[in-house]
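Below: the structure, in structure tokens.
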There are 4 protein chains.
Amino acid sequence: MSTTTDADPTPGRRGRPPLPATEAKILAATREILAEGGVRSLTMEGVAARAGVAKTTVYRRYRSRDELALAVLIDMVRTVTAGPEVADVRTELVQILRATLDVLRTTLMGRVMQGLVSELAVDPHLSEAFRDQVVALRIEEVAGVLARGAERGQLRPDLDVGLVHELLFGPIYYRLFLSGEPLEPSFADRIVDAVLPALVGQRPL
Amino acid sequence: MSTTTDADPTPGRRGRPPLPATEAKILAATREILAEGGVRSLTMEGVAARAGVAKTTVYRRYRSRDELALAVLIDMVRTVTAGPEVADVRTELVQILRATLDVLRTTLMGRVMQGLVSELAVDPHLSEAFRDQVVALRIEEVAGVLARGAERGQLRPDLDVGLVHELLFGPIYYRLFLSGEPLEPSFADRIVDAVLPALVGQRPL
Amino acid sequence: MSTTTDADPTPGRRGRPPLPATEAKILAATREILAEGGVRSLTMEGVAARAGVAKTTVYRRYRSRDELALAVLIDMVRTVTAGPEVADVRTELVQILRATLDVLRTTLMGRVMQGLVSELAVDPHLSEAFRDQVVALRIEEVAGVLARGAERGQLRPDLDVGLVHELLFGPIYYRLFLSGEPLEPSFADRIVDAVLPALVGQRPL
Amino acid sequence: MSTTTDADPTPGRRGRPPLPATEAKILAATREILAEGGVRSLTMEGVAARAGVAKTTVYRRYRSRDELALAVLIDMVRTVTAGPEVADVRTELVQILRATLDVLRTTLMGRVMQGLVSELAVDPHLSEAFRDQVVALRIEEVAGVLARGAERGQLRPDLDVGLVHELLFGPIYYRLFLSGEPLEPSFADRIVDAVLPALVGQRPL
DNA sequence: GACTAAGCGAGACGGTACGTCGCGTCTTAAA
DNA sequence: TTTAAGACGCGACGTACCGTCTCGCTTAGTC
């Protein structure tokens, strides 16, 4: 007998449930198109065709091109795993930035971000989703490092996590979006070295 | 991408000369549309209609939507004037960043940049133009400050201008594009305070 | 195309029987939509929504939009009652035509016919049902009049009922479908007066 | 020198004039589709594809499916020529009706009419165009016959042309739309024979 | 009283066509 | 030669309905 007290997921749901295969086909098609031609070539029509799915089915799940692209992006973020915890603040920060640089340089993530950033900057709904599901993770990591650093007495205890996060990641995205400089791993070290002195100093940040 | 209004003195030219008024009408219409609906609503067709000009006329001057937007953007950058030269490195840097923050916050520049950044990141032709005509100016300013600071012995002499520039401006554009935090003037101080220690320290940047 | 509400006495039937209320709700919704927007706006989806019924439920009863419209039409025809039998051929014919004019002018019947005629003309299945259940009734009436008139010696005995029926009703539907002239009651008199001389004359019709 | 007083056809016209070839291709494609599958299968998309023309180009000329079908229909009506003028009323009327029957039976006209009639009955814009460009011609013919007949003393002089026209053509369209009886040529004779007595008699019609 | 077949709601799904927007090119007449 | 005007082929948009198909629930009759 089943345990009748188990919560039935969405109990009153009616109607035919969405096929999980369809979802997967759409995301796969989107990823392929993105890889081949970038965000410029991403169209709802193209995705539907490539996925072997009706246009209406795509629209039923993603109300816009951007929402779809964001879904793929978030899907990819899941795979990014945090590095091991070490005792040294500098090493930890470098690890975090390097992981970000690696993802942006070696996966679709960079191209998708480039194509998505204009929408992200303009559409509040989209940017909220992005911040909640992507940025928040990175901030958490930085917050953890700062907290541990402060405990050990290596860092000032009154640091503004948001600001530190902006100082660390800002240059990376600046390169991705505007300067076009390569996102080489050593960039992580240079950023951390530039910001770290301020994190230990006396003058309030 | 001709944005000059100078008279072209080509002697052997025949036929009707381009009306200078037309150029102005197009740029004005573009600016208005940009202000009202952002880059999303900027279309060649709309610009032509609003300017009371034929579509072909717009195309004759700007080969694409992006080229047109960039022309407006560059047109606006001209108006940004450098602050006065002072003896203090920190003050100079803060002045530079604050000027950038002011322009992005109070003029169309911010919205235009948000709308344009995806194109800028993707189109080499466009990004080159942007870097040559916009970024280069800012780097020059920073380079000047660093040089004077080194002369006075306030700064290390071996600094990488490009890197410093990225550290300073990165966080600002990060806010503009991704985090959505306000571009308040005090942000300039906080950035400079965070980076400055590294510019005077012993460890190589 | 079951339009009967009679209890189906099939003995071996199992499962839940159709709710009679559902049938009524669907027909009512159809009539309303027809009245408001004509046949153009009649959609299965709309009917289901308006009736508060699932699309599948509508399809289970009426396999197409036209079948549904025809059901409503036939439902309405039932209400048309024949006039009293009188001794005068002319009066009887006028009565018949006038009843038709009245129904077409004052009820939904006219609009429904206008919307349905294209389907009626093209779909053999549909037109057969229409002729059997609607036209046949009118022909019967005319046949009765002609027979009684012949018995009394008022009319030629060799008349072609089908032809007479076409001569009488043709002009009415011509107005309804093509000329747009009003279907006023006096039109009945004028038609009968035009056709009657031929029904009594010597020359074979 | 040109005669400056000559009326220049649409003198102030600007822009590229519509290609006549395009018009022809669209109408040809429409005719083909109509012939193959009837009005049911007539779609703007299909017409555009078959004509090798952009959908927008079709819409630029015909704002709806019905307008397009009507254009083809009117185009076909042009080709119907009147029979020779003879001294006998009956012969003339039979000629007219027979011509109509022939066109409806042997050309696309019948099928198009069947498909179009629902729209014709409902859309005032459409029905007006149809009456002005198609029905009016037939009424003119009938009017001519009646007038000449009255001059010769063969017909009553006070006949209502509109009514006579409805009596003559009503039965034909009744067959086309509702009864499904064949439109054989002899039907013309039977109609005329049925109506003619009333046109010469004493009782006012 | 349990089983079972149908009615029924809901909604996913693959489709077709819709009518519109904007693109970038072209052809024309006027300035 | 520039300009205004507008036709044109094209690609994509987002929506409306279509008719079919699962689902899970409800409601009978039959065993």
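Chain letters run A, B, ... following the sequence lines, proteins first, then strands; residues in each count from 1.
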Output the single nucleotide from [options] whose closest atom is nearest the side chain of [X].
| X | options | value |
| --- | --- | --- |
| C:K25 | E:dG9, F:dT22, E:dC18 | E:dG9 |
| B:R60 | F:dT22, E:dG15, F:dT2 | F:dT2 |
| C:L19 | F:dC21, F:dC13, E:dC8 | E:dC8 |

Looking only at side-chain N and O atoms, does [X] come under 4.0 Å of OP1 or OP2 in [N]?
| X | N | result |
| --- | --- | --- |
| C:T43 | F:dA16 | no |
| B:T57 | F:dA4 | yes |
| B:R61 | F:dT3 | yes |

Between D:S64 and B:L42, name the one whose nearest nucleotide on DNA chain E is closer to the 5' end.
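Here D:S64 is the residue nearer the 5' end.
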Atom pair distance, as rounded to whole Å: [atom1] in [X] and [atom2] in [N]:
| X | N | atom1 | atom2 | answer |
| --- | --- | --- | --- | --- |
| A:Y59 | F:dA16 | OH | P | 13 Å |
| D:M44 | E:dG19 | CE | P | 7 Å |
| D:Y62 | E:dG19 | OH | P | 16 Å |
| C:R16 | F:dT27 | CZ | C1' | 5 Å |
| A:R40 | E:dC23 | CZ | P | 12 Å |
| B:D66 | E:dG24 | CG | P | 9 Å |

Between the base of F:dG9 and the side chain of D:K55, is there a donor-acceptor distance below 3.5 Å?
no
So for D:T56 and F:dC10, does any side-chain atom that can act as donor or acceptor lie under 3.5 Å from a complementary atom in the base?
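Yes.
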Residue among B:D66, B:L68, B:I74 satisfying side chain to side chain contact (heavy atoms under 4.5 Å, CB included) with B:L70
B:I74
Less than 4.5 Å apart, any side-chain heavy atom of C:K25 and any of C:V53?
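Contact flag for C:K25/C:V53 side chains = yes.
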Is the closest basic N to carboxylate O distance between [X] and [Y] below 4.0 Å?
| X | Y | answer |
| --- | --- | --- |
| C:E45 | C:R65 | no |
| B:R61 | B:E67 | no |
| C:R111 | C:E36 | no |

Contact class for A:R63 vs. all strands (heavy atom < 4.0 Å): base, sugar-phosphate, or nothing?
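If one applies the 4.0 Å heavy-atom cut-off, A:R63 turns out to touch nothing in the nucleic acid.
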Looking at every strand, decide which applies to B:G52 at a 4.0 Å heavy-atom threshold: base, sugar-phosphate, or nothing.
sugar-phosphate
DNA chain F nearest-nucleotide lookup for C:R65 and A:E45: closer to the 5′ end is A:E45
